[in-house]
Amino acid sequence: EAGASNGQYVQYFSTSLNDYITFRVPNVTPGTYAATIGYKRYTSRGIVQTLAGPAGGTLSNLGPSFDEYGTTAYLSTNVGTITVPAIGDQDFEFLVTGKNASSSSDNETVDYIKLVSIWQDSDGDGIPDWWMLRYFGHATGQALDNSRATDDADGDGVNNWSEYLAGTDPTDAASYFHLLSVTTQT
């Protein structure tokens, strides 16, 4: 179809509430993303709730539900933000939760799933939340586990902020940016 991205979209002919379709987005890198869903609005569409999470794991509601009912149009809606702590596949489920009283059915469509990276630093220490989640399991630095920017969690003499900048692992003392040798030419 001309209005759909790449000329096509997926339509699910739902037969009852709580029917759903699931898509897997492969190899999502760590970070916080704004999730936007493209769909085709039409008079036979239902109300859809998006759920998301790690592939094969527990999925959680992602933003409020949205109504796909209306006159024919290709639309998009920002369904919320998702934080991915480690590289991996992410599942997106589209659950039919109801239908507009004027709708002739509760079908649903998905044209695309778009993830746009958002820089998020909840504690303002210069280290993004995704990195903190990846290495420490929480978004903000804490004294208890030496996860603050100025702490040296692995005791290698390099603070966590410097480890973030260097792309090294703050929980592995053998992982740090260091000079191996200097060679001079005469």
Grab the two heavy atoms, one from [X] and one from [Y], that are nearest each other, plus how far apart they are.
| X | Y | result |
| --- | --- | --- |
| Leu62 | Ala52 | CD2-CB, 3.9 Å |
| Asp169 | Asp154 | O-OD2, 3.3 Å |
| Asn78 | Ala34 | ND2-CB, 4.0 Å |
| Asp123 | Ala139 | OD2-O, 4.4 Å |
| Tyr33 | Val28 | CE1-CG1, 3.7 Å |
| Asp152 | Gly157 | OD2-N, 2.6 Å |

Inset, instruction - State which residues pass side-chain hydrogen bond (donor to acceptor under 3.5 Å, both in side chains) with Tyr74; sequence neighbours excluded, sorted by chain then number. - result: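 Listed in chain order: Glu1.
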
Could you see if [X] belongs to whatever hydrophobic cluster contains [Y]? Use Ile, Leu, Val, Met, Phe, Trp, Tyr and a side-chain cutoff under 4.5 Å.
| X | Y | result |
| --- | --- | --- |
| Leu51 | Tyr20 | yes |
| Val96 | Ile21 | no |
| Leu115 | Ile37 | yes |
| Phe92 | Val84 | yes |
| Leu133 | Ile127 | no |

Side-chain donor-acceptor pair under 3.5 Å between [X] and [Y], yes or no?
| X | Y | value |
| --- | --- | --- |
| Thr83 | Thr32 | yes |
| Gln49 | Thr97 | no |
| Ser14 | Glu108 | no |
| Asn160 | Asp151 | no |
| Ser122 | Asp129 | yes |

Heavy-atom side-chain contact between [X] and [Y] under 4.5 Å:
| X | Y | result |
| --- | --- | --- |
| Asn159 | Arg148 | no |
| Pro128 | Trp119 | yes |
| Arg45 | Gln11 | yes |
| Tyr112 | Ser76 | yes |
| Thr109 | Glu68 | yes |
| Phe177 | Val158 | no |
| Arg41 | Thr71 | yes |
| Ser105 | Lys99 | no |

Main-chain N/O of [Y] paired to [X] side chain as donor or acceptor, under 3.5 Å:
| X | Y | answer |
| --- | --- | --- |
| Asp91 | Gly53 | no |
| Thr43 | Ser103 | no |
| Asn6 | Gln8 | no |
| Asp111 | Ala4 | no |

Inset, instruction - Using the side-chain contact (heavy atoms from CB on, under 4.5 Å) rule, take Ile118 and Thr81 through it: C-alpha gap first, then chi angles, then the decisive distance, then the call. - result: CA-CA 9 Å; Ile118 298 172; Thr81 59; 3.7 Å; yes

Just verifying a value: how many Å separate [X] [atom1] and [Y] [atom2], rounded to the nearest 0.5 Å?
| X | Y | atom1 | atom2 | value |
| --- | --- | --- | --- | --- |
| Lys40 | Thr72 | NZ | OG1 | 5.5 Å |
| Asp106 | Tyr69 | CG | OH | 14.0 Å |
| Ile82 | Gln90 | CD1 | CD | 4.5 Å |
| Asp121 | Trp130 | CG | CH2 | 12.0 Å |
| Asp172 | Tyr135 | CG | OH | 9.5 Å |
| Thr36 | Leu75 | OG1 | CG | 12.5 Å |

Inset, instruction - Just say parallel, tilted or perpendicular for the rings of Phe23 and Phe94, cut-offs at 30° and 60°. - result: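 Perpendicular, since the angle between the ring planes exceeds 60°.
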
Inset, instruction - Quick one: do Ser147 and Gln142 satisfy side-chain hydrogen bond (donor to acceptor under 3.5 Å, both in side chains)? Show the steps, please. - result: CA-CA 5 Å; Ser147 61; Gln142 299 174 10; 5.4 Å; no

Inset, instruction - May I ask you to check whether Phe66 and Tyr39 place their ring centers less than 6.0 Å from one another? - result: yes

